[in-house]
Protein chains: 2
Amino acid sequence: MLKEKIKAGFRSSLVEKGLKSTRQREEILDEFLNDGSHQSAEELYLRLRRKNPRIGYATVYRTLKLFEECGIAEPRQFGDGQTRYESSFDEHHDHLICTTCGKIIEFENPEIEALQLKVAGEHGFVIDRHRLNLYGRCRDCRKT
Amino acid sequence: MLKEKIKAGFRSSLVEKGLKSTRQREEILDEFLNDGSHQSAEELYLRLRRKNPRIGYATVYRTLKLFEECGIAEPRQFGDGQTRYESSFDEHHDHLICTTCGKIIEFENPEIEALQLKVAGEHGFVIDRHRLNLYGRCRDCRKT
DNA sequence: CCCAACATTGAGACTCATTTTCAATAATGG
DNA sequence: CCATTATTGAAAATGAGTCTCAATGTTGGG
């Protein structure tokens, strides 16, 4: 199953980097992979603490950065002041954000991505990644 | 000239809101309009201090927020941890950001925007604004 | 022109997310 | 099992941005 492959890949990355595999790193990766997307370090920390109250705040922050370096997680800013991480193994997507209720909907649009590549090329850029956020009001919030 | 119109509009907004026109607000607006885009509060503050060393840090922050409320400036996040403001009177545009040298290039693409509206509509959203950042390497940085 | 009413300012204290420090602890290779 | 070296947790530090408050400036009326 995918999760096991990700965990195995993480352990290999650690070895490559000369880092150690620890209980905390395993626990954090587990919890990160279990939950849905868009998790902040704090949310993850609070959930982890329910299982293991001895886990440290800083460890969660450090480990999320490590996941980023290992290509497991990617940081995103949605404008609420917290960095949220999503799994790099989710298929690529962009976000619709409701400015009333905070709901986040994911979408993908290959046509938009093709146009991005075209525009970048016209300016001599090679793109690594992009961030597209659309802010507005969702169906429910428009009713009220 | 455009700047004078913006300043006049700002003074009207102040009156409407029951706020006062002060020397600091004028100075900050002047400096904001003089400089190119993507200014952080701190950069603006440092430049203002050269002319008027008595200006306060908090005043610059407050005034930028006020500009935002008055429709003069818009905040943006480029991932360096600082909020940067651009003039609302620049035509709408998105950004290409070089992750090596930090250069920011602006572009516009109506096709992409049309597709954004379409996608949003399919999810029942009405969009107020969007943020599209493309991160990569510029022509110069790819050479090295 | 002057005053009263009230908005604004600047300095510094404060917040909040995140990072760093450091002594204690745990993982790894031999 | 040991020595080496990375990691951890707690607390202190950081940095962008916000708030507080006494002093100051702006305004509309008189």
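Convention: sequence-line order gives letters A, B, ...; per-chain numbering from 1.
- Contact between the side-chain N/O atoms of B:T59 and the OP1/OP2 oxygens of C:dT8 is not found at any separation under 4.0 Å.
- Here B:Y61 does not reach the OP1 or OP2 of D:dT18: none of its side-chain N or O atoms lies under 4.0 Å away.
- Contact annotation: B:Q24 does not reach the phosphate of D:dG25 (side-chain N/O to OP1 or OP2, under 4.0 Å).
- No engagement by B:S40 is indicated, since no non-hydrogen atom pair under 4.0 Å with the nucleic acid exists.
- Spacing between atom NZ of A:K20 and atom P of D:dT8 amounts to 11 Å, rounded to whole angstrom units.
- Distance from the side chain of A:R62 is smallest for C:dT20 among the nucleotides D:dT5, C:dT20, C:dA17.
- Per the geometry, OH belonging to A:Y57 stands 7 Å off C1' belonging to C:dA17, to the nearest Å.
- Atom CG of B:N52 is separated from atom P of C:dA11 by 10 Å (rounded to the nearest Å).
- Looking at A:N52 and A:E27, their side chains come closer than 4.5 Å, going by heavy atoms from C-beta outward.
- A straight line from CZ of A:R54 to C1' of C:dT25 spans 10 Å, rounded to a whole angstrom.
- For B:K65 and C:dT8, the NZ to P distance is 16 Å, given to the nearest whole Å.
- Regarding A:I55, its CD1 atom lies at a distance of 14 Å from the C1' atom of D:dA10, rounded to whole Å.
- Whole-Å rounding puts the A:K17 NZ to D:dA6 P distance at 14 Å.
- Remark: P of D:dG17 and CD of B:E68 are 12 Å apart, rounded to the nearest angstrom.
- Side-chain nitrogen and oxygen atoms of A:T22 include none within less than 4.0 Å of the OP1 or OP2 phosphate oxygen of D:dT7.
- Across the interface with DNA chain D, nearest-nucleotide mapping of B:R23 and A:G18 shows A:G18 to be the residue nearer the 5′ end.
- Ion pair B:R76/B:E86 flagged as a salt bridge, since at least one NZ, NE, NH1 or NH2 atom sits closer than 4.0 Å to an Asp/Glu carboxylate oxygen.
- The residue among B:L66 and B:Y45 whose nearest nucleotide of DNA chain C lies closer to the 5′ end is B:L66.
- Relative ring orientation between B:Y61 and B:Y57 is described as tilted, the plane-to-plane angle lying within the 30° to 60° band.
- In terms of hydrophobic clustering, with Ile, Leu, Val, Met, Phe, Trp and Tyr side chains grouped at heavy-atom distances under 4.5 Å, B:L48 and B:F32 are assigned to a common cluster.
- With respect to the salt-bridge test (charged N to carboxylate O, under 4.0 angstrom), the residues B:E74 and B:R129 do not qualify.
- B:T83 has a side-chain polar atom (N or O) that falls below the 4.0 Å cut-off from OP1 or OP2 of D:dG17.
- Considering only side-chain atoms of A:L19, the nucleotide from C:dT28, D:dT8, D:dT7 that sits closest is D:dT7.
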